[in-house]
There are 2 protein chains.
Amino acid sequence: MRTLPQPSVDSLDLTTVLAALADPVRRTLLDAIDIGTEPVACSAAATTVDVGAPTVSHHWRVLREAGLIETTVDGRQRFVRIRRDDLERRFPGLLPAVLSSEQRTTKPATNL
Amino acid sequence: MRTLPQPSVDSLDLTTVLAALADPVRRTLLDAIDIGTEPVACSAAATTVDVGAPTVSHHWRVLREAGLIETTVDGRQRFVRIRRDDLERRFPGLLPAVLSSEQRTTKPATNL
DNA sequence: GTTATACTTCGATGTACGTCAAATTATATG
DNA sequence: CATATAATTTGACGTACATCGAAGTATAAC
């Protein structure tokens, strides 16, 4: 159950993080694992996206190297989880503003 | 005092916005005009950045076409201003999270 | 009208990126 | 051991992008 190498909180770079977020496929992957705090199987999240396996693997790498996700290896499966606390500490409000903000409508919150 | 064409609030695209923000030169330009609500002269903001005039012009265009700034023409000068309200309406919290968050330290807010 | 100023457009160049097919690694299962 | 599975790595391809020099546009100043 080892964890793949990832940048420390302090070394997170805003340009790198934003570049990682500026890809629709990567944001879809993030949205797919944006449920609770338990790690999600890569294979499961990958079904939400319409690119080949090598491309998905590439995107996981970019997300991990940017510091957005933590990847753990268990057998021949990989599990990923969003580094929410680390990101909130380094760039407060950024992730909540980006994740699933496509679904957000412009209408003035009638559900209060 | 005409205003250059810009995307409407509803047509703002998250991928485009994030891609525009994922460049350090463009973020420096945004930080330079991120003061109050009055438009700032392009020439003034451009002094904060170390690239040639054509490149600066290119970056203003990218920022405008992404919907991040509004550009007005007055004589031979251009003035720019951040479209704060529009962006807040479309992507709440995004801009505040990005602008000047490089200066933000990791220390736990001792100033309370 | 000529010169200066502020900025843009054009064309070129090098680099980075998203994608895929093929080959590879590593673990599990028969 | 042989086969299957989950994912990565490698190499290639096309495209997009940041940058610059040179030329162009438009307005202001003389």
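From a predicted model like this one, the values you see are computed outputs, not experimental measurements. Proteins come first, then strands; the chains are lettered A, B, ... in the order of their sequence lines, and each starts at number 1. All values below come from the heavy atoms of this structure, side chains included, with hydrogens, waters and symmetry mates left out.
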Say you draw a straight line from [atom1] of [X] to [atom2] of [Y]; how long is it, rounded to the nearest 0.5 Å?
| X | Y | atom1 | atom2 | value |
| --- | --- | --- | --- | --- |
| B/R81 | B/T71 | CZ | OG1 | 10.0 Å |
| B/R61 | B/R64 | CZ | CZ | 6.0 Å |
| A/L99 | A/L94 | CG | CG | 8.5 Å |
| A/R89 | A/R83 | CZ | CZ | 10.5 Å |

B/Q6 vs B/S11 side-chain heavy atoms within contact, under 4.5 Å: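 They are not in side-chain contact.
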Residue pair B/F91 / B/V17, side-chain heavy-atom distance below 4.5 Å: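 The answer is yes, as the side chains (C-beta and beyond) meet within the 4.5 Å cut-off.
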Set of residues satisfying side chain to side chain donor-acceptor pair (under 3.5 Å) with respect to A/T16, sequence neighbours excluded: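 A/T16 satisfies side chain to side chain donor-acceptor pair (under 3.5 Å) with A/D13 once adjacent residues are dropped.
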Without decimals, in angstroms, what is the distance between [X] [atom1] and [N] [atom2]?
| X | N | atom1 | atom2 | answer |
| --- | --- | --- | --- | --- |
| B/L18 | D/dC17 | CG | P | 14 Å |
| A/M1 | C/dA28 | CE | P | 12 Å |
| A/D23 | C/dA16 | CG | P | 18 Å |
| B/Q77 | C/dA6 | CD | P | 7 Å |

With a cut-off of 3.5 Å and sequence neighbours excluded, list every side-chain donor-acceptor pair involving residues 21-30 of chain B.
from, atom 1, to, atom 2, distance (Å)
B/D23, OD1, B/V25, N, 2.9
B/D23, OD1, B/R26, N, 3.1
B/R26, NE, B/A20, O, 2.8
B/R26, NH1, B/H59, ND1, 3.1
B/R26, NH2, B/A19, O, 3.3
B/R27, NE, B/E102, OE2, 3.2
B/R27, NH1, A/T15, OG1, 3.4
B/R27, NH1, B/L21, O, 2.8
B/R27, NH2, A/T15, OG1, 2.7
B/R27, NH2, B/E102, OE2, 2.9
B/T28, OG1, B/P24, O, 2.8

Contact state string [nucleotides 24-30 of chain D, B base, S sugar-phosphate only, - no protein heavy atom under 4.0 Å]: ---BB--
For DNA chain D, the residues among residues 57-66 of chain A that have a non-hydrogen atom under 4.0 Å from it: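 Those residues whose heavy atoms fall under 4.0 Å from DNA chain D, taken from residues 57-66 of chain A in numerical order, are A/S57, A/R61.
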side-chain contact (heavy atoms from CB on, under 4.5 Å) between B/L68 and B/I82, intermediate numbers included: CA-CA 6 Å; B/L68 286 164; B/I82 300 182; 6.0 Å; no
Check: B/G93 main-chain N/O paired with B/E88 side-chain donor or acceptor under 3.5 Å: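 Confirmed, B/E88 side chain pairs with B/G93 backbone.
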Could you pull out all donor-acceptor pairs under 3.5 Å where a side-chain atom in residues 33-40 of chain A meets a protein atom, sequence neighbours excluded?
from, atom 1, to, atom 2, distance (Å)
A/D34, OD1, A/R84, NH1, 2.5
A/D34, OD1, A/R84, NH2, 3.4

Residue A/R26, side-chain heavy atoms: nucleotide from C/dG18, D/dC20, C/dA21 that is nearest: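 Minimum distance to the A/R26 side chain belongs to C/dG18.
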DNA chain C contacts among residues 35-51 of chain B, heavy-atom distance under 4.0 Å: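 Contacting residues: B/C42, B/S43.
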Sugar-phosphate, base or nothing in reach of A/V25, heavy atoms under 4.0 Å: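 Answer is sugar-phosphate: A/V25 comes under 4.0 Å of backbone atoms only.
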